[in-house]
Amino acid sequence: MIKALGVMTSGGDSPGMNAGVRAAVRRAMDRGLEVYGIYYGYEGLLRGGDQIKRLNWQEVGNILQQGGTFLGTARSEHFKTVEGRRRAVENILERGIEALVVIGGDGSLMGAHVLSTEWPEHVEKIVAAHPDLYPPASQIPMLQVVGLPGSIDNDLTGADMAIGVDSALNHIVRAIDDLSSTAASHQRTFVIETMGRNCGYLALAGTLATGASWVLIPEEELDLRWHQKMVESLDKARKIGRPHQMVVVAEGARHPDGLLIGSNDVRSILVEKLGIEVRLTVLGHVQRGGSPTAFDRILATRLGVAAVDLLMDEPDVIHRHMVGIRRNKVVSTPLIEVVEKSREVRRQIESGDFKKAVELRGEAFQSMLDLVNTLTQITPALETGQQGRVVIMTGGADSPGMDAALCTAARCLLNQGVEVLGSRDEFYGLIHDDFIHLDWNELLGWVGHPSSDIGTARSDLLQGDFGRIAENIRKYNIKGIIAIGGWGTYQHIHRFVEMRSGFPEFDIPIMLIPATIDNNLPCTDLCIGSDTALNNIVEAVDKIRHTAGATKRAFIVEVMGKECGFLALMGALATGAEKAYLPETGISLTELNKDVIELRDSFECGKRMVIYMRSEQASPHYTTDFLRRLLEAESNNEFEVRSVVLGHVQRGGFPTAFDRILACRIGAEAAGALLKSLKNGSDEVLAFGLREGAITSCTLSEAVEQMDAVHERPKVQWFMDLYSMVHSLAKSRPWSENRPETGEGL
Ligand code: ADP
């Protein structure tokens with residue numbers, strides 16, 4: 001069993017690295033390990049001295065929300081030499097470190113692999129030269145290394161998303177949104193260069209999430225006339241009333257002959273061929289900077305914990321692995337496999353085998369590319385109306401990203417010749433003949449809209465409504481429905497389907513798309529809108545943390561979610577809150593008693609601020625105000641207690657990149673399934689979602705089966721597995737230290 005662990009960040013920095021360090025350090029300390037922080041990557045490892053320092057619990061406090069890496073990072077040419085690595089081994093041996101957790105890109109992971117494989121050879125030589133200083137080489141046979149994927153490019157296999165990608169993508173999306181408003185004002189075209197020397201993920205996802213007009217990425221095979229095609233497309237768009245255009249270029253985009261396409265060249269081509277004003281914006285390092293998003297913080301936290309658990313739970317295995325999240329599960333992949341497969345894509349691009357490169361990126365990348373190619377068309381492939389007419393509706397409380405799902409689903413249907421009517425305010429339009437004609441071009445900009453442009457309503461369906469709906473379905477010859485919404489919309493559709501025996505008009509296919517910030521729907525791990533709400537919570541709590549001043553303060557932050565604790569739990573994990581009070585677990589007096597003891601201990605340990613996240617329906621009795629008064633009563637005037645109800649700010653604002661992309665992916669799948677049903681004459685009702693990383697669907701009866709109707713949440717909630725992580729990482733000291741008598745243990 002290892003006793004000492006080194007933690008380091010290396011290569012290019014990426015937002016979320018700090019969350020990974022915090023999680024690994026605290027998990028390791030909780031499991032009884034000595035932990036060393038290695039400063040400035042491999043350069044610090046081989047320099048030694050004060051660049052390798054013992055870390056304590058408090059030193060990794062308050063870093064979760066910071067961008068970059070507090071350990072610093074560097075690139076080290078010296079470490080690439082055998083002699084450099086020998087010095088690194090000496091430093092490791094000197095401190096008795098037996099395992100390393102390395103957060104970085106493919107270079108850093110390769111460095112870790114090389115160091116670990118060469119270890120016996122180095123140790124033998126060092127021990128032979130200094131037998132008095134070290135135990136025999138046979139007693140220190142291996143160096144365990146576990147990597148975490150840290151790279152904004154998302155070019156590492158073995159992980160669906162690397163730490164930092166989501167934050168970078170949100171920077172890109174915000175930048176394109178901002179540039180779009182100035183572009184629209186001046187009727188200008190912009191060329192935007194994103195990072196991604198070998199991977200087009202950021203540019204492609206950025207294009208999908210913003211409705212940009214054109215994209216150039218390294219993996220896509222361009223034909224020899226690519227610039228002509230681009231110019232024609234932009235020109236056509238201008239002629240039909242879209243004077244401002246966004247062209248996104250990944251820095252590694254290539255001509256068919258393999259030469260790099262410079263973003264400035266793209267600008268020059270557009271100026272020359274279209275005779276218009278074109279501005280170039282190179283987004284550069286802003287993409288790496290700033291505070292990490294909720295997604296990156298949670299991803300890095302899960303992986304930091306997983307890395308330590310892997311080392312501790314399988315002590316007899318030689319670990320040269322990277323831990324990553326694939327299909328929403330932690331998996332470990334040999335480092336060498338990660339590096340080789342990741343570099344294979346690069347090799348395919350360089351050799352001009354673009355097809356293979358896209359194939360290696362995986363199915364999700366391929367379908368995103370296909371979707372972008374469809375959505376960037378200037379006109380739909382088929383004439384509208386040839387293939388019948390369908391209705392789209394949005395229902396329930398509005399949620400950010402609804403419009404992204406709506407416009408993508410509608411455009412995919414329009415592209416195949418289906419006419420699409422928006423039913424105003426969910427079923428209201430179908431009842432009262434109130435429809436909005438959805439148009440290919442007009443829908444383009446909806447992808448970033450905050451909620452729903454066609455309105456949502458939360459009224460119940462009355463008995464008399466069904467007859468009118470049936471009449472309108474007949475009158476307008478409606479062949480299918482896409483319903484986007486939350487629990488109420490799912491229930492409305494369920495009732496609608498139950499009325500089929502009385503209304504043959506209802507025998508039409510229906511596709512359900514989950515959109516609610518509460519994340520309480522079946523058949524999906526995440527609902528559209530919940531990522532935006534989570535980021536709103538994270539931003540608010542970060543601001544609250546900034547108010548930590550001279551006085552010690554406890555804050556109770558009440559968040560939404562109804563009977564589902566997703567926002568409270570994930571919000572707590574992403575902000576480093578000490579505790580999450582959830583409806584799933586309830587609140588007991590015994591627990592509150594323990595919490596008060598711990599709270600006092602936290603302040604004694606030097607914390608200035610303690611945050612409790614309380615889900616709005618965690619307990620009908622122990623309300624937010626009750627908790628505030630309880631803690632105040634117990635404070636002995638040694639600390640202040642405040643409460644804040646975040647309320648509707650959680651559901652406001654522009655959707656995050658994640659919500660937009662999720663919405664686009666589900667919207668496209670739902671449209672595809674509806675088209676298939678229209679062709680087959682089927683009346684199936686499917687509920688779509690993101691499950692284990694893939695867009696899937698289940699039947700309405702499966703969805704109903706998965707719903708806990710009493711609590712209005714799914715019967716199984718995957719995120720509850722992360723519950724214990726909140727407190728174990730945010731508490732004031734490790735389990736091994738003397739703690740107040742709360743009776744808890746790891
Ligand atoms: P990233 O980890 O972001 O891909 P780099 O490719 O610059 O960044 O790698 C970071 C560091 O990892 C390098 O500066 C070097 O010290 C180390 N490294 C990279 N490749 C190797 C290798 N083949 N052998 C040993 N060390 C390596």
Side-chain angles (χ1 to χ4, degrees), residues 6-18 20-21 38-48 51-52 67-69 71-92 100-119 121-122 143 145-159 161-165 167-168 195-199 201-202 218 251-252 284-285 287-289 292 296 300 303 307 320-324 333-347 349-350:
V7 179
M8 60 187 273
T9 51
S10 166
D13 66 316
S14 63
M17 280 182 159
N18 277 328
V21 172
I38 297 156
Y39 290 75
Y40 307 110
Y42 292 120
E43 195 58 26
L45 190 64
L46 63 86
R47 282 198 192 139
Q51 305 211 346
I52 306 177
T69 155
L71 287 175
T73 181
R75 295 198 156 93
S76 170
E77 282 309 309
H78 198 175
F79 186 78
K80 286 186 176 167
T81 66
V82 176
E83 177 235 336
R85 292 194 290 275
R86 177 80 38 91
R87 282 181 50 191
V89 173
E90 272 174 350
N91 285 324
I92 294 170
L100 289 180
V101 168
V102 180
I103 312 177
D106 64 339
S108 305
L109 301 181
M110 188 61 195
H113 174 82
V114 171
L115 185 66
S116 174
T117 46
E118 287 180 359
W119 175 263
E121 200 183 305
H122 289 302
L143 175 74
V145 287
V146 179
L148 266 62
S151 153
I152 66 160
D153 290 347
N154 214 22
D155 58 351
L156 293 169
T157 48
M161 291 281 270
I163 298 165
V165 175
S167 304
M195 282 188 168
R197 238 170 293 155
N198 304 293
C199 182
Y201 180 84
L202 289 177
E251 58 182 345
H285 279 75
Q287 293 163 90
R288 281 191 189 285
D296 275 330
L303 293 180
R320 289 182 195 126
H321 285 82
M322 182 192 84
V323 285
T333 315
L335 287 169
I336 194 67
E337 190 183 318
V338 172
V339 174
E340 277 179 357
K341 284 199 176 158
S342 307
R343 291 183 177 173
E344 176 63 15
V345 186
R346 202 174 304 167
R347 274 193 291 275
I349 293 170
E350 275 159 11

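Order of listing sets the numbers, starting from 1, for every ligand and every atom in it. These figures come from a predicted structure and were not determined experimentally.
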Partners meeting side-chain hydrogen bond (donor to acceptor under 3.5 Å, both in side chains) with S108 (sequence neighbours left out): S10
Neighbour list for ligand 1 [protein residues, heavy atom under 4.0 Å]: S10, G11, G12, Y42, R75, S76, F79, K80, R85, G105, D106, G107, S108, M110, G111, V114
NZ/NE/NH1/NH2 to OD/OE distance under 4.0 Å, R343 and D106: yes
Separation between OG1 of T73 and OH of Y40, rounded to the nearest 0.5 Å: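 Separation between the atoms: 10.5 Å.
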Straight-line distance of L335 CG to M322 CE, nearest 0.5 Å: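 Atom-to-atom, L335:CG and M322:CE are 8.0 Å apart.
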All pairs passing salt bridge (charged side-chain N to carboxylate O under 4.0 Å, His left out) where residues 73-85 contributes a residue, at least two apart: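 Sorted pair list: E77-K80, R85-E118.
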Those residues that, when tested against E90, pass salt bridge (charged side-chain N to carboxylate O under 4.0 Å, His left out) (two or more places apart): none
